[in-house]
Q: 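This structure is in structure tokens; I'll ask about it shortly.
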Amino acid sequence: MTGSAGESVAAAPVSELAPDAARAEHARLVAEIEEHNRRYHVEDAPTVTDAEFDALFLRLKEIESRFPELVTPDSPTQKVGAAPATGFAKVRHLKPMLSLENAFDAAGVRDFMAGVRNFLMELRRDPSIEVAIVAEPKIDGVSASLRYEGGRFALGATRGDGLVGEDVTANLRTIADVPDRLEGEDVPKLFEVRGEVYMLREDFRALNEAQRAEDKAAFANPRNAAAGSLRQLDPSVTAGRPLRFFAYAWGEASAVPGRTHWEMLERLAAWGLPTNPRAKLCADIDEALAYYERIAEERSRIPYDIDGVVYKIDRLDLQEALGFVSRRPRWAVAHKFPAEQVETRLLAIEIQVGRTGALTPVARLEPVTVGGVVVSNATLHNEDEIARKDVRIGDTVVVQRAGDVIPQVVRVVKAKRPADARPFEYPDRCPACDSLAVREEGEAVRRCTGGLVCPAQQVERLKHFVSRAAFDIDGLGEKQIAAFYDDGLIAKPGDLFRLAARDGEHGAPLRDREGWGEVSARNLFAAIEARRRIPLDRFIYALGIRHVGQATARLLARTYGTLDAFRAAMDAARAREGEAWEHLLSIDGIGKVVAGAILDFFDEPHNRAVVDDLAREVEVEPVEEPGAESAIGGKTVVFTGTLETMTRLEAKARAEALGAKVAGSVSRRTDYVVAGPGAGSKAAKARDLGVTVLDEREWLALIGGREMEEPNA
DNA sequence: ACCCCTCGAGTTCT
DNA sequence: CTCGAGGGGT
């Protein structure tokens, strides 16, 4: 702890602060606030008053607003709100933690292998090349990344979203399987180990008994127990939990540990990291499939939960050649066990109203345990789906969790249909606002036409607005939003930002409301405050325009740069003709339907008012102009044909990040056409016009290699 | 008029 | 995760 609250607050006005002094004070404030947070949330023993804490926080925010370069994702200002959950600092993985492609049967695995061979052939490698495979059980636990510096365990993190995880170093240290130090001469200076934290079934049972004996909630399954134990704020709690660890891959490394995956596993074991003794080096795919059968047969005798088998191409040079498709390695696949299927009764079908007014039927089920989790709801998608499966209320149905996550109704057990089972009558009115619900010709969904008068749609829009990918305001769940909406506290997004200032104007102040207190109210206000600065793409996404999701919002933000430019362009395009309209349609990825949906949104006066009102409350950050120093800076590029090492959208994002403009069609103003195999008219037109045509390899060479790749996942 | 791919929207549970 | 629809290419 450095300095007291009083000292920091009495410092010079922020406007007079020199950058160096600001940086120093910023660091001091962050440390101080984090310490107070820890005392407050972890030890439950604050050493400053709320007012003192607020003063520190305010000072930090002032500094950050004047010196935005000091704002980092792990600054306390960026993570207020989810108070108990944010006891962990965020950690950016040096190499992303990727996910695996799934195969659900042997045919899927053979497809995968065919893809590998095809790809290697196209890279003009010897097709008769031996493709050995490392197979090992896929453990149902929590993945983690451990960073060793100079052989010492320095930092451990959860997977998070694959790019940024949570710092759980202290908790990982308590696991006996995780060595403090890697032993051996060839340990790289820097080495990130990837692996799985898990719990033995037997230990899980004992833990649950102990939990029950102490009147604490039991865990649903070993995986949840492992996840819950790893995310304890108090490491001494984690220390008392029987966690284990297996290493299976690596991330960033100052030296590559071997020429093959198998060698890498042996090396990890030699350094003292536990690797799965059941892992097997298979000469070919048939041997790997036989391994799968054996593991499936042994499954119940293996002392921990597994949900399949992972296959990886053994040779690292081949892995590198194969590369990635949208965050997934092309050289690995997870062969999953079939999903567990369970019968239960369908008690009722209810209709939910989405933010676009879509009516979605949801099956209420007699609760059953499926794959270790109690399931009581399952989506039925739409009207046709109910008819296709002939689902009736009272039926016995087979339920599974798709990809082991989302519950779905597989089929009806007709033999068990009771005589009084009755077909579901799909409503033609919205259950929330009683407006007509219509199904457009050729569409699968029925939509409520209530729009602005439908409270369900309004609440869903607000939920979307505060959601993670939009304004990311923590501490406002479904219930709170609905309650605030019902009580007139928030009717439109801009109201959120006036919530603190007007607290108490509509009935009792927030802290006196049921379920709220001094602290939670303050946290919510702070979480909202922290979002007054927002990048343009998030702002656009948050509006909830039909057909405009994250990707399209980003596209629009990049195209128009600033909110004012976007706003003006949309107004100008509303005539559906002229330059602004043509410009909108010329964006690669936006056609008539999407463009029409955007303009429909801005045609509505209410929506324009909502946007303008919101714009007055927040500061929208323009999209930065990418640097022009790269080889393709300022050039116009067109992609055509199927690219091999990346999807077209990735290629496009990459090119744009390097300062190029990506167009959809070839003209004289095009600088480069990048043509994959199977390119047709565009490449021909480019040649006619004398535009440079590159193949993918030449293109990658031009922009400087495939730096997105990593040695392992 | 096709086919393929990507994106959007909706959903579950802890 | 899955389905349906939009966009773009042939």
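Please read all numbers here as calculations on a predicted model, not as lab measurements. Order of the sequence lines fixes the chain letters, A, B, ..., with proteins taken first and strands second; residue numbering starts at 1 for each chain.
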Q: Starting at CZ of A/Arg447 and ending at P of C/dA5, how long is that distance when rounded to a whole Å?
A: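 Taking CZ of A/Arg447 and P of C/dA5, I get 9 Å after rounding.
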
Q: Quick one: A/Glu383 CD to C/dC3 P, roughly how many Å, whole number?
A: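 Distance check: A/Glu383 CD to C/dC3 P gives 18 Å.
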
Q: Mark yes or no for whether A/Asn382, through its side chain, and A/Asp384, through its backbone, hold a donor-acceptor pair below 3.5 Å.
A: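 Answer holds: yes.
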
Q: Taking atom C1' of B/dG10 as reference, at what distance in whole Å does atom CZ of A/Arg461 sit?
A: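 Rounding to the nearest Å, CZ of A/Arg461 and C1' of B/dG10 are 16 Å apart.
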
Q: Measure the distance from NE2 on A/His381 to P on B/dA9 and round it to the nearest whole Å.
A: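 That distance rounds to 16 Å.
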
Q: Determine: side-chain N/O of A/Ser376 to OP1/OP2 of B/dC13, distance under 4.0 Å, yes or no.
A: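 So the side-chain polar atoms of A/Ser376 do come within 4.0 Å of the phosphate oxygens OP1 or OP2 of B/dC13, strictly under.
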
Q: Who passes ring pair (Phe, Tyr, Trp, His ring centres under 6.0 Å) against A/Phe566, sequence neighbours left out?
A: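 A/Phe566 satisfies ring pair (Phe, Tyr, Trp, His ring centres under 6.0 Å) with A/Tyr560, A/Phe602 once adjacent residues are dropped.
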
Q: Checking all strands, does A/Leu359 fall into the base, sugar-phosphate, or nothing category for heavy-atom contacts under 4.0 angstrom?
A: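 The answer is nothing, as A/Leu359 stays clear of every strand by at least 4.0 Å.
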
Q: Ignoring the backbone of A/Val594, work out which of B/dC13, C/dG6, C/dT2 is nearest its side chain.
A: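 My answer, after comparing the listed nucleotides, is C/dG6.
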
Q: Output the single nucleotide from C/dG6, B/dT12, C/dG4 whose closest atom is nearest the side chain of A/Asn377.
A: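 Ranking C/dG6, B/dT12, C/dG4 by closest atom to the A/Asn377 side chain puts B/dT12 first.
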
Q: Looking across every strand, which nucleic acid part, if any, lies under 4.0 Å from A/Glu385 by heavy atom: base, sugar-phosphate, or nothing?
A: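 No contact at all - A/Glu385 keeps every heavy atom at 4.0 Å or more from the nucleic acid.
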
Q: Taking the six-membered ring for Trp, are A/His335 and A/Phe112 ring centroids under 6.0 Å apart?
A: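 Ring centroids of A/His335 and A/Phe112 are no less than 6.0 Å from each other.
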
Q: By nearest atom, which of the nucleotides C/dG4, B/dA9, B/dT14 is closest to the A/Thr356 side chain?
A: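 Out of C/dG4, B/dA9, B/dT14, the nucleotide with an atom closest to A/Thr356's side chain is B/dA9.
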
Q: So if I take every side-chain heavy atom of A/Arg388 and compare against B/dA9, B/dG8, C/dG4, which nucleotide ends up nearest?
A: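 So the nucleotide nearest the side chain must be C/dG4.
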
Q: Closest to the A/Arg546 side chain: B/dA9, C/dG7, B/dT12?
A: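 Between B/dA9, C/dG7, B/dT12, the one nearest the side chain of A/Arg546 would be B/dA9.
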
Q: Rounding to an integer number of Å, can you tell me how far A/His547 NE2 sits from B/dT6 P?
A: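 Taking NE2 of A/His547 and P of B/dT6, I get 18 Å after rounding.
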
Q: Checking all strands, does A/Val375 fall into the base, sugar-phosphate, or nothing category for heavy-atom contacts under 4.0 angstrom?
A: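 Sugar-phosphate: the residue A/Val375, judged by heavy atoms under 4.0 Å, touches backbone atoms but no base.
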
Q: State whether a side-chain donor-acceptor pair under 3.5 Å links A/Gln408 with A/Gln400.
A: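 Yes.
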
Q: Grab the CD1-P distance between A/Ile349 and B/dG10 for me, whole Å please.
A: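 Whole-Å distance recorded here is 19 Å.
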
Q: Can a side chain N or O of A/Gln352 be found less than 4.0 Å away from OP1 or OP2 on B/dG10?
A: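 Answer is no, no contact under 4.0 Å.
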
Q: Under the salt bridge (charged side-chain N to carboxylate O under 4.0 Å, His left out) test, which residues partner A/Arg447, sequence neighbours left out?
A: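 A/Arg447: salt bridge (charged side-chain N to carboxylate O under 4.0 Å, His left out) contacts with A/Glu443.
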
Q: Please state how far atom CZ in A/Phe601 lies from atom P in B/dG8, giving the value in whole angstrom units.
A: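 From A/Phe601 CZ to B/dG8 P: 16 Å.
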
Q: Nearest whole Å is fine: how far is B/dC13 P from A/Arg223 CZ?
A: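 In whole Å, B/dC13 P and A/Arg223 CZ are 14 Å from each other.
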
Q: Less than 4.0 angstrom between a side-chain N/O of A/Thr360 and OP1 or OP2 of B/dT11, yes or no?
A: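 Result: yes.
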
